[in-house]
Structure formats: structure tokens, C-alpha cells
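Written below as C-alpha cells is the structure these notes are about.
Chain letters run A, B, ... following the sequence lines, proteins first, then strands; residues in each count from 1. Basis for what follows: all heavy atoms, side chains included, without hydrogens, waters or symmetry-related copies.
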There are 2 protein chains.
Amino acid sequence: MNDKTSRTTKAANDVSAVPADIREALGELVGYHLRRASVYDMNGAVAALEPEGARPITMSVLLSIVEHPGRTSADICRTLAIKRANIVALLQVLEAKGLFRRADDPADQRIQRLYPTPEGIETARHWLGLVQAHEARILQRMSQKERRELRRLLQLVWADEALDET
Amino acid sequence: MNDKTSRTTKAANDVSAVPADIREALGELVGYHLRRASVYDMNGAVAALEPEGARPITMSVLLSIVEHPGRTSADICRTLAIKRANIVALLQVLEAKGLFRRADDPADQRIQRLYPTPEGIETARHWLGLVQAHEARILQRMSQKERRELRRLLQLVWADEALDET
DNA sequence: TATTGTTATACTCTATAACTATA
DNA sequence: TATAGTTATAGAGTATAACAATA
């Protein structure tokens, strides 16, 4: 059986024992909603890209290359706040699919500049479309104005991160 | 040396190769900023709770118990969207610290109702204060009105998650 | 000395499967 | 059959340390 109402005992309902300053405290934390919203969004983004054999971070790296041809992997890591060690496998996947090529820099032999291939640009567009469709779904309860406002406020939150990176 | 400007070759600046529909596409995704903001917030929350030997999820579970005395662990898992298997170790930590007690339900011997101890309530208050102080820091660029608006918009994002759980 | 790209590795987080007891 | 609590375990995700080559 599943008689939830009968399970709700008097003790379980005795909210008098709950201090007013803690009542509903979790739900009042912006960070809690940030986390819940981000996880919900990420799950959908992962699902949207799964048929493509890609994940959100894979798309982010590819978009970084397409948006800024000639960036190095270290540049991308700084921009996306990921560790250099962890981009290696991601680039191997994108390279195996022929979505970008590496070019040695004549002036600095330590670095490789990354350039998207035509297929890379087309794939980036396709993946982006899938994620945008997903995003339209999770933001459907919001007006365009509210979406812009949400993005603006989120930027204010992690704007400090860039400053911390002294 | 670190002469970044000289490294910026003509090819790297040739944005003419970047299709207009993909230019700045990543930064226009709300999901990208959701992720960046959430990770930034979580890092700070982890740091704020670390001296206490607690993590954000530990605090969330304790707050759930304090806010709703008599909830079961399965209830809390549904509320916080975590798997039952993963709350076991969290509860062991909280129990070892004497922050809550388990009480068998007389009407259903499968379940244990969780009740906070006085120390549990006090600790919840303390941990909450640490996280609230962290939150005040990362939201400092926002007015109170903007903070409420951000929370409202975030709730709209993951409001669908509850509906999906049919 | 510092940076790049890379490998190896450890650690955390989360998900799944399976089990017992109970409803 | 379904749920609660639990154990064991696998898989991502992320972090650190170390290395060779180059600046």
C-alpha cells in the first residue's frame, strides 16, 4: 500500500519545533536554485547531443574553435575554465571526426593553433541548433525579455571568477 | 617570453571565416551561463563548508531534516533529486555527528523517520550562515530586487523537472 | 623560469543493479 | 508488485603531478 496521508504523523507535522530562521531556508538560497536549474539544463543538453556522440563540453570546445579560429588549446582551457589535461581527450574526439585541424605556429613551436574545417563549422551549427532547441524548451515559461535578464544576472554571478584569475 | 600580441597572426584574426550565426553563439546560450554561475557558486559553497567537514549536499540534507522533521530518507531523495543509494553515506556522517536521530515508524516498518537533535538544528543554522555569507559575496553585484528576480527565473527553469517526475 | 601539450592517476559525484524486509 | 534502506560497483567529471620540448 501507499497510504501517505496516514503516515503523516502528528510529530512529522509539528513545525513548531522548526525555528523560524531556518524554515524554508534551503529554498531561499539562490545557489540552491542555481544548482537545480543547471543540473536540469545539463541533463537536457546531454540528451540533446547524445545522438551526435557529443556532450555539452565537446560542443563548447568546438564552438570555441569555430568562433575563434587559431586559438590554442591552452587558450580554450582558460576561457572555459577547464584543465589542460582534460581537453586532450576532447580534442582527440573532435579531430578524429575531422572537425578541426592543428597547425604548428611558426613563431612559437610549443603551441598548436586550432582551425575548424568546413565540416567542423557545419557540425558546430548543427550541435548548436540541437542545444538551442533544448534551451527553447526549458525556457518556454519565460519571455524573451526575461531570458535576457536571466542571462544578464547569471553573468553578474560568475563575472567575479574572471577577476579571481589574477 | 609571453608576447601574445605578436602571436596573434592574421589568420587567427580572420573572423570573416566565422559565420555570423555562430559568432558568439556559446555566450548567448543561457545554459552556458547557468553552468558557469553554478560551478562558481558551488566552488565557493564547498570552500565555505570545508572547515566544518561538510559539503553543500550535506547541508541540504540536514536542512531538509530540520525543516521537515519526520521526513524519511526516500522523501528527502525525491525532494533533492538524489538517488537513495547516495544518501546513505551522507546520513551516516550526520548521524555520527549526532545531528539527527532515526525513529522507526510504528505503522510502516520499512521506513525510518528522521528527526533533528538540538545540536542538529544549531549546526544547520551555523552551516546556513556560512553559505549565506558566501552567497552575499557572489551576489554583491546585484540589488535585493535582482536577487529575488534571479531566484524566480531559476525556479521557472527547473519547475518543469517536478512535472517530468510523473 | 614559465608555458604548452601530454600522460598517468586519484578522487569525487552520480547512476545502476541487486538484495532483504516490508507493504 | 511496489517501496525503503542498503551494499557494491561502474562510469563520468575533474584535479594534481610530472614530463619533454620550447620560450
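Spacing between atom CG of B/Asp104 and atom C1' of D/dG5 amounts to 12 Å, rounded to whole angstrom units. At whole-Å resolution of the value, CG in B/Asp105 and C1' in D/dG5 are 14 Å apart. Atom CZ of A/Arg71 and atom C1' of C/dG5 are 16 Å apart (whole Å). For the pair A/Gln109 CD and C/dG5 P, the computed distance is 13 Å after rounding to whole Å. Protein atom CG of A/Asn43 is 17 Å distant from nucleotide atom P of C/dC13, rounded to whole Å. The nearest whole Å value for the distance from the CD atom in A/Glu50 to the P atom in D/dG11 is 15 Å. Summarising the geometry, the separation between CD1 on B/Ile57 and C1' on C/dT14 is reported as 11 Å, rounded to the nearest angstrom. The nearest whole Å value for the distance from the CZ atom in B/Arg78 to the C1' atom in D/dT3 is 8 Å.
In the region residues 84-100 of chain B, proximity to DNA chain C at under 4.0 angstrom, judged on heavy atoms, holds for B/Ala85, B/Asn86.
Using a 4.0 Å cut-off between charged nitrogen and carboxylate oxygen, A/Asp160 and B/Arg141 count as a salt-bridge pair. A salt bridge is absent between B/Arg23 and A/Glu67: the closest approach of a Lys/Arg side-chain nitrogen to an acidic carboxylate oxygen does not fall below 4.0 angstrom. Note on B/Arg36 versus A/Glu161: salt bridge recorded, some NZ/NE/NH1/NH2 to OD/OE distance being below 4.0 Å. In this structure, B/Asp21 pairs ionically with A/Arg125, as a charged nitrogen and a carboxylate oxygen lie closer than 4.0 Å. Look at B/Arg152 and A/Glu146 and you find a salt bridge, because one of the NZ, NE, NH1 or NH2 atoms lies within 4.0 Å of a carboxylate O, short of that distance.
Judged by distance alone, the side chains of A/Arg102 and A/Ser73 never bring a donor and an acceptor atom under 3.5 Å apart. Checked by atom type, the side-chain pair A/His134/A/Asp41 shows a donor-acceptor distance below 3.5 Å.
Comparing D/dG5, D/dA23, C/dT22 by their closest approach to the side chain of A/Asp108 singles out D/dA23. In this structure, the nucleotide among D/dA4, C/dT16, C/dT12 sitting nearest to the side chain of B/Lys83 is C/dT16.
Sequence order on DNA chain D of the closest nucleotides to B/Ser73 and A/Ile82 puts B/Ser73 first from the 5' end. Toward the 5' end of DNA chain C, the nearer of the two residues A/Arg35 and A/Gln112, judged by each one's closest nucleotide, is A/Gln112.
For the pair B/Arg102 and D/dA4, the criterion of a side-chain N or O lying under 4.0 Å from OP1 or OP2 is not met.
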